[in-house]
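In what follows, a single structure is set out as structure tokens and then discussed.
Computed from a prediction, not measured in an experiment: that's the story for all the values here. Numbers restart at 1 for each chain; the letters A, B, ... are given by sequence-line order, proteins then strands.
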Number of protein chains: 2
Amino acid sequence: MTKRSSSTRLESKELTRQALIRAALKLLSQNSFDSLSLREVTREAGITPTAFYRHFDDMEELGLVLVEESFQSLGEMLKDARSQSSFDGDTIKMSLAVVVMHMHNHTSHFRFIARERYGGVRRLRRAVNRELQLFADELAIDLVAMPGVDKWTTDDRRMLAGLITETIIRMVAELLEIGPDEEPEIVERTKCQLRLISLGVPAWDGALAAGRA
Amino acid sequence: MTKRSSSTRLESKELTRQALIRAALKLLSQNSFDSLSLREVTREAGITPTAFYRHFDDMEELGLVLVEESFQSLGEMLKDARSQSSFDGDTIKMSLAVVVMHMHNHTSHFRFIARERYGGVRRLRRAVNRELQLFADELAIDLVAMPGVDKWTTDDRRMLAGLITETIIRMVAELLEIGPDEEPEIVERTKCQLRLISLGVPAWDGALAAGRA
DNA sequence: GATTATAGTTCACATATGTCAACTGACATG
DNA sequence: CATGTCAGTTGACATATGTGAACTATAATC
């Protein structure tokens with residue numbers, strides 16, 4: 001009985017917490033994280049600077065939460081992409097469509113990831129790259145379904161997954177910089193790049209071969 | 001006669017200008033550009049804040065100069081890579097060695113490029129990506145020498161060059177984050193990725209084919 | 001209904017920033 | 001040698017920042 005009614009207070013706290021997060025993401029579409037001040041964020045969120053500390057110890061802590069949230073988006077994207085993946089020969093096209101769609105629905109998350117991946121805050125960079133690694137590993141699992149790849153070593157699969165992930169990430173980063181009219185061109189180029197990679201797959205003879213060739 | 005002796009004054013100005021540039025690059029190894037303050041830079045360079053304006057209108061102008069300087073490094077690297085490129089089957093290995101070497105000699109330039117490419121300052125991002133584009137185009141020229149590629153369309157070549165450039169850039173960015181002991185692993189992985197790409201090249205059937213497949 | 005916990009505010013501080021106006025001093029020119 | 005140019009300094013300003021101490025008000029507990 002004592003626990004059920006304790007919701008309104010926590011709920012409203014969560015509300016302004018979300019306001020802080022959204023405020024930060026909004027501001028981060030124009031500046032990078034380490035030039036973002038605590039006061040800016042609270043101003044945008046509509047609260048007093050000192051109230052910030054009721055939610056986070058630190059701006060860095062906020063940043064880490066942003067990383068977490070951003071990658072939840074990515075995770076959902078992967079789920080969608082998997083459900084679409086019919087492997088009817090048009091996997092690349094389908095997957096890219098899913099990515100582009102999610103990018104439009106979660107612009108700020110994607111931009112945050114792209115920007116802070118090599119950004120000026122060490123812990124953030126590390127966190128982003130760790131998550132990105134997990135993401136690529138996840139992708140590597142799916143790649144087993146690709147004809148031929150199932151016989152590859154784990155390392156080789158990760159190598160491939162890394163290449164694909166990077167190529168897609170770069171596409172997203174590029175798309176975020178341009179207008180909608182230039183989108184098809186970039187997407188098409190990426191499609192070609194992924195296809196080129198996929199053409200190399202059947203010819204792959206292992207990392208060792210690469211070493212001596 | 002009036003012009004010859006006017007060197008000392010200009011020389012010393014150039015000296016502190018270089019000091020500002022070096023100071024900025026040093027500080028940028030830890031923070032991103034848009035969190036870098038004019039005063040920090042002048043402090044590091046050993047001059048007064050207001051003296052900054054004798055050299056640059058603006059921090060942004062300094063930033064653009066940094067872009068220019070950084071890509072001069074890259075240009076020299078390309079020259080070196082070309083002279084090495086014996087095409088004896090080990091081109092990839094050779095080229096990567098050149099890149100890694102240059103990275104060690106110009107750490108701050110490379111880091112600056114990687115960081116500001118998707119960083120928080122619009123004009124800087126644009127400048128970096130413009131130069132990167134030129135760099136990739138330059139690489140595309142060299143690719144004609146690759147068997148088969150000489151018959152490709154210009155667009156397809158640029159697509160290939162973009163993929164290669166990106167892969168190498170990402171390797172550099174990764175190398176900058178880690179210790180020297182982990183270097184070989186990253187380089188090896190990149191070598192494999194480039195090899196995988198090169199294996200796709202002979203099988204490439206054009207952008208149109210990619211469109212319908 | 002009285003009491004307590006706490007999200008958010010107010011006020012205050014020390015410190016950092018970009019930039020202006022006026023100055024200094026050394027070099028370069030006449 | 002007298003003079004003007006100009007790189008760099010001084011001092012000051014308005015403004016921004018992070019954060020501490022004390023406060024207010026309201027929801028949750030007894």
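Atom CG in L38(B) sits about 14 Å away from atom P in dG8(D), given to the nearest Å. The distance between atom CG of L10(B) and atom C1' of dT29(C), rounded to the nearest whole Å, is 14 Å. The interatomic distance linking D57(B) (CG) with dT19(C) (P) rounds to 10 Å, in whole Å. Note: CG (D58(B)) to P (dC20(C)) measures 11 Å, nearest angstrom. What separates CG of L15(B) from C1' of dG8(D) is a distance of 14 Å, to the nearest Å. Put simply, CG on L36(A) is 16 Å from P on dA16(D), counting in whole angstrom units. Distance NZ (K13(B)) to C1' (dC6(D)): 8 Å, rounded to an integer number of Å. Between E11(A) atom CD and dA27(D) atom P there is a gap of 13 Å when expressed in whole angstrom units.
Taking the side chain of R39(A) as heavy atoms from C-beta on, and the options dA7(C), dG18(D), dA28(C), the nearest nucleotide is dG18(D). When the nucleotides dA28(C), dG8(D), dA7(C) are ranked by their closest atom to the side chain of R54(A), dA7(C) comes out on top. The side chain of R43(B) has dA16(C) as its nearest neighbour among dA16(C), dT9(C), dG8(D). Comparing dT19(D), dT19(C), dG8(C) by their nearest atom to the side chain of Y53(A) picks out dT19(D).
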Where do D156(B) and L196(A) land on the side-chain contact (heavy atoms from CB on, under 4.5 Å) test, with the steps shown first?
CA-CA 10 Å; D156(B) 281 3; L196(A) 179 63; over 6 Å; no
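Judged by distance alone, with hydrogens and angles left aside, T48(A) brings no side-chain donor or acceptor close enough to the base of dT10(C) to form a pair under 3.5 Å.
With M171(B) as the partner, the side-chain contact (heavy atoms from CB on, under 4.5 Å) test is satisfied by one option alone out of L175(B), T167(B), I169(B): L175(B). Considering R158(A), R82(A), K79(A) in turn, R82(A) is the only one that fulfils the salt bridge (Lys or Arg N to Asp or Glu O under 4.0 Å) rule with E138(A).
The nearest heavy atom of DNA chain C to S37(B) and to I47(A) marks one nucleotide each, and the one closer to the 5' end goes with I47(A).
More than 12 heavy-atom neighbours from other residues, nucleotides or ligands sit within 6.0 angstrom of CD on E14(A).
Using a 4.0 Å cut-off, no side-chain N or O of T50(A) falls inside it from OP1 or OP2 of dT10(C).
Under 4.0 Å is where a charged nitrogen must lie from a carboxylate oxygen, and between R43(B) and E40(B) no such pair does.
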